[in-house]
Each structure stands twice: as C-alpha cells, then as structure tokens.
Amino acid sequence: MSTTEYTPPPNFIRTIIAEDVKANKNNGRVMTRFPPEPNGYLHIGHAKSICLNFGLAAEFNGVCNFRFDDTNPGKEDVEYVDSIQADVRWLGFDWGDRLYHASDYFEQLYDYAVQLIQEGKAYVCSLTSEETRAYRGTLTEPGKDSPYRTRSVDENLDLFQRMRAGEFEDGAHVLRAKIDMASPNLNLRDPVMYRIRRVTHHRTGDKWCIYPMYDYAHGISDSIEGITHSICTMEYEDHRPLYDWFLDALALECHPQQIEFARLNLSYTVMSKRKLLKLVQEKHVAGWDDPRMPTLAGMRRRGYTPESIRNFCERIGVGKKESTVDIALLEHCIREDMNKKAPRVMGVLNPLRVVIENYPEDRVEELEAVNNPEDAGMGTRKVPFSRVLYIEREDFMEDPPKKFFRLSPGREVRLRYAYYITCKEVVKDEKTGEIIELRCTYDPQTRGGDSPDGRKVKATLHWVSAAHAIQAEVRLYDHLFSVPNPADEKDGQDFMAHLNPKSLEVLPVCRVEPSLKGAPAGSRYQFERQGYFCVDLNDSTPDKPVFNRTVTLRDTWAKIVKAEGK
RNA sequence: UGGGGCGUCGCCAAGCGGUAAGGCACGGGUCUUUGGCACCCGCACUCGGAGGUUCGAAUCCUCCCGCCCCAGCCA
C-alpha cells in the first residue's frame, strides 16, 4: 500500500470548488446534484456528469442529490425513472435517501410564481405559440412586447389561478417572466415559466394541468435543496443569466452557482437521446440495452465494468471545449481492467477439426492451465485433451505469407498448455475444396507445452477437445457506426446512413472449454488470443450459453494484415 | 457586422509571465507457452494567425481567422 494519496487530475470545476471551500463560501459546504430527465436511458455522456457530480461532492466531503427533472410529462416515463436509478447505482454511486423530483416542488414553484406575479415580475400571456415566436424577434432584431405584458396584477393572479384550475384549453395561456424583449440574449425575452398541458404526470397524476418550464424550475429546485454548485453542460451557459434572474427576483437565500462544462462525444457513435431513441424505435438495435449502444445498460450488457467507465471518465478530463474522445480510449480502459480481473479461458470461435493421428483414441488427459497470468492468486484449472480437437480456422493457412507463423502444412506449433503438434495433412471437401480437417501428430515429450530439447515454435494456439467442449453462441460486436463522426451531417447524409452493417456478427456454433459450463450471466472472461467476453444478461441459458464480445485483445497480427493489404 | 463560448501533438488534456506534464493512438525495440500483458525508446523549438508589451509570452494587450451554442408553450 502506498502512502501517497491519489490526486485526481485537475480541472477548472474542481479548482472553482476548491477556491470556494477555501474562502469558506457556503460555510465550506459542497452539495451537487445529478438531475436527469426521465425521457431516455442514461449513456456514457451522462456517466461523465455523474462521475463529476458525485465525485466532486465526495472529494469535498459533501453530498450529491439525485433529482429527476420531471417537468415535461409528455416525454417522460417510469421505465426511464427505473432504469436511470439502476444505472447510477450500477456505476457505483449512492445518493442515500436524497432522491428528489422537480415535481416534489410543484406546489412551492406555484407559490413562487404567484409571488413573482404580485411583484409585477411575471404575467399571463395569451398569444398563440406562433405569435409568441413572431414577437420574440430574431437573433439580430429585438422582440416586441406582448400586448398582454401590461395586464394588471389582479388579472394575472386570477388568470394564473384559473390556469391551474383547468379552466383553459392547452396552449390558451402561458405564464411569462417579465424581463426584456429587447435583450440580445433570447432567453431573457420574457421566457415562458408555465404552460398548460393536460397530460398525466407519472408521479403527480392529474393533479396538475400546468407544468413549469426547465429554466424556471431548475434553479429553484437547486435552491430548495441547498445545492452549492449546479453543474451542467455548455448549452445552458446562455441560460445562466435567467437561472440567476429567477433566484434574484425571488430573493432566495440559497443561490447556487451554475457551472458549465463540455458534454462528451465519442467517435464512431452517437450520443443524443433523440438519435438513440430513433435507433431503438426503428429497430436498428435490439433495444436501449443493445450491447452496441453507448447507454450504460448497453455497455453493462456488453461487458463493460463500472470501474472501467469511471476510470474513463476521469481520464477524459473536464473542460469547456467541444471535443470528441477517441473510442479507443474507452476500449483501452476496459482492456486494462479486464486484464487484471478476467479469468483466461479457451474458446474456438470458428472451429477447424484437428485429428492427432498418433494420439490414442480412447485417451483423455487433464492438463493444467493458468487462470490469470497477471494474478497467480486466481489459481489453475484442468483442461481436457484428446485425439480430436478444434482449433481456430484463422490459425491455419495452407499457403502462409512470410509473417504468418501459426499452423501450416509441415509446420510445428504449440497448443497452449498441451503439446507441440505438426500438421501432416490437409483434408478438403472434394466438391467445395473447403478445408474440413487437419491431420497432425503430436510430440509426447512436449506435454504441458515445453520441449525438453529446447526446440522453439513460433506460435501458441488455443484449442478445445471436441468431445469435451461445450457449444456456445458468440456475438461479435463492433462500432455501431462506420465513420468517426456519424452525427456530422455536413456531407448531406443522415447519421443513419453510416450505420455499420457489420456491427454485429453472430456465431451460433462456437466451442468453448468445459470449465465454462454453468458460467453465470454477466460473468466475464478472456478468451485467450481473442478478446474479452461476457455471458449475456438476457439471452444466455445453461443449455445454450451466449457470450458477448466486449472488446478484442490488441491484435498486432491484424494490424500487419491490414497494413499489407493496403 | 445580435448574444454567449471555445481554439496547446492524430484524439483528449495539464499549464495561469520564467522558457511545452500526462494518457490514448501511432512507430521502433526487449520479453513472452496469449502476435495479449509488462518494459524501453521515439512522437509539439512550439501553443489558431499577425502585431505589440516584457530581459522573458501558450500565459498580458490589440486586431484578425476558425469552430460550437441560442429564435421549443423541450431539457
């Protein structure tokens, strides 16, 4: 154990908070919040925010609240509120009993709105939505005051109360903040605070038919909870004056500081909920938890660990610059984690039958294999060896190029933990010419994989005993999109046009070593020389195990092949 | 030619007036019963550009260029 404390990499938000604590702002107290809207599944971009908010709070001996920003019932659903909580917990964070909802504050929010009306700072506007847009002006022209802007306080109070009482049709009126229709910041051109929407809310049912807007509800919710630092993404920077305006207008004692950071983008994928929802709805993926999705549910199913995701979030840093992180970094993080933890195992994805001609037919040996060379504590296991085996088709070439040093006619290689074998004959299908079997011999002196005479071989192959292996389905996943930035539609192509047709390859009949029998759903392994795999959470059964490939191993041979091909 | 924000290596990212950290990727090598892992070496005389201030500038000033966000009764 090292005595040096781990110091997380610096970032501007941590710096701000550290300075605030040092200056005893908020009496040195730090409270953040993670405020998802329950209108979709959480993705890796949310993970960045979750790690930031919970991480910073913990670092400064504060807490992080969990709050659903549920102010738009039309788009929200309990399916999402359940999945979101499960995902945050899975990621490894705990909000104790501090689970809140913006809807918890509807009554309070209403009272504050009444207060603003009484003070002449808010009014009921009866323009249609189209008229409101027209009155708002444009980026370069100021807006015009609504003709309803000068309604009396009493009339506003009466109307607002009747809005709540359900006397008006949806859209007939809205409550607006009276700020400045000429502001160069469009958000301050009398923003809507409440709209009428006869939609059943997943928590408040039909109690309300008016719902507060984000800008109005969010800051007040933060203030009610005593949040000190309200961390959000860059697109809210223009809203900060409004965030501050409401809190100042109400003269609320707790006035949290809003701080914005750049959201995460990842290469070869899309991150917006709208796009992810489209992939799900149009069935380009099997669901929100499809292992190709950048959702936490998808990544969990793919085999990613919470640790690897947290580590990734720490490594990418926090800034205000728009950035797209190379997905290779994410893949590096899971490989790094799995290398330490995953038991090694042998699995043949594309089996090629091998008969060891000089090995007795009825003989079976139990050979000892190391479970994890990175961790001796993980012990060893026995792997059965017999006369008929399967090796990977890719590990044999009849006419190999110079740099290929696996099996080929006349060549000797090692079978991992077993014996040296030499390929004597290639058996082909008479009609198709397809290689259907290899006839080999083994050297009994090399049991365990070492040759007493010091003879070297250039390759070690993984294998399974045909009679003992169990069958499994293996799903090979690749990037969902075939271009680094599918969201960039400047080429005139919709992001869907870049879907990778090879993002999923299903291998229905693979052969894996018998120790994998009964492997529990969610358990992770390294298939030696192949990659990291995870027993599928949904579709795997004891009779027919299903393994998802989380990520391949780094593969320098593949790089050579690719380089030569060019 | 409205407002806001951002520009440091292919991708992230430290740096905050004292002479360019780190990670990923990439290239080379050592080791190897995983073409894995580990380890070693290389990878920005330069910080969007041009001026200026200074003994000294990625850091300060000026102008310019580029990119992103905002005209939901979405969040």
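Reminder, nothing fancy here: chain letters follow the sequence lines and each chain counts from 1.
A distance below 6.0 Å separates the ring centres of H218(A) and Y214(A). Separation of the F527(A) and F547(A) ring centroids falls under the 6.0 Å cut-off. In this structure, F160(A) has its ring center under 6.0 Å from that of Y194(A). Aromatic ring centroids of Y236(A) and F261(A) lie 6.0 Å or more apart.
Residue D190(A) contributes atom CG, which lies 14 Å from atom C1' of rC73(B) at whole-angstrom precision. The CZ-P distance, from R344(A) to rU32(B), rounds to 19 Å in whole Å. The NE2-P distance, from H101(A) to rA75(B), rounds to 16 Å in whole Å. The nearest whole Å value for the distance from the CD atom in E331(A) to the C1' atom in rC12(B) is 15 Å.
For S183(A) and rG3(B), the shortest distance from a side-chain N or O to OP1 or OP2 is not below 4.0 Å. For the OP1/OP2 pair of rG72(B) and a distance below 4.0 Å, the side-chain nitrogens and oxygens of R133(A) include at least one atom meeting the criterion. For rU1(B), the OP1/OP2 oxygens have no side-chain nitrogen or oxygen of T140(A) closer than 4.0 Å. Between K321(A) and the phosphate of rU8(B), there is a side-chain N or O to OP1/OP2 separation shorter than 4.0 Å. Dashed line: the shortest gap from a side-chain N or O of K340(A) to OP1 or OP2 of rC37(B) is not under 4.0 Å. For rA71(B), the OP1/OP2 oxygens have no side-chain nitrogen or oxygen of R189(A) closer than 4.0 Å. Checking the phosphate oxygens (OP1, OP2) of rC37(B), a side-chain nitrogen or oxygen of R554(A) falls inside 4.0 Å. Remark: R136(A) is in phosphate contact with rC73(B), judged by side-chain N or O atoms under 4.0 Å from OP1 or OP2. Look at R195(A) and you'll find a side-chain N or O under 4.0 angstrom from OP1 or OP2 of rC74(B). In this model, the phosphate group of rC26(B) is approached by a side-chain N or O of K559(A) to a distance below 4.0 Å at OP1 or OP2. Distances shown here put a side-chain N or O of H332(A) below 4.0 Å from the OP1 or OP2 atom of rC24(B).
Applying the 5.5 angstrom centroid cut-off and the 30 degree plane-angle cut-off, the aromatic ring of W557(A) is stacked upon the base of rG35(B).
If you check distances only, the side chain of Q530(A) never reaches the base of rU34(B) with a donor-acceptor pair under 3.5 Å. A donor N or O paired with an acceptor N or O is not found under 3.5 Å between the base of rG23(B) and the side-chain atoms of E314(A). With hydrogens and angles left out, the side chain of D238(A) and the base of rG3(B) share a donor-acceptor pair within 3.5 Å. Remark: the R406(A) side chain and the rG35(B) base include a donor-acceptor N/O pair separated by less than 3.5 Å.
Atom P of rC55(B) sits at a distance of 47 Å from the matching atom of rC70(B), rounded to the whole Å. The gap from the C1' atom of rU59(B) to that of rA25(B) amounts to 28 Å, rounded to the nearest Å.
Under the Watson-Crick and G-U wobble criteria, each requiring two contacts below 3.5 Å, nucleotide rG7(B) is paired to rC65(B). Pair assignment for rC74(B) gives none, since no Watson-Crick or G-U wobble pairing has each distance under 3.5 Å. Across every strand in view, rU19(B) sits unpaired, with no contact that passes the Watson-Crick or G-U test at under 3.5 angstrom.
No engagement by R335(A) is indicated, since no non-hydrogen atom pair under 4.0 Å with the nucleic acid exists.
Of the N and O atoms on the side chains of T305(A) and S308(A), at least one donor lies less than 3.5 Å from an acceptor on the other residue.
Checking each of L266(A), V325(A), I316(A) against L330(A) for a side-chain contact (heavy atoms from CB on, under 4.5 Å) leaves exactly one that passes, namely L266(A).
Judged by closest nucleotide on RNA chain B, E141(A) is the one of E141(A) and A328(A) placed further toward the 5' end.
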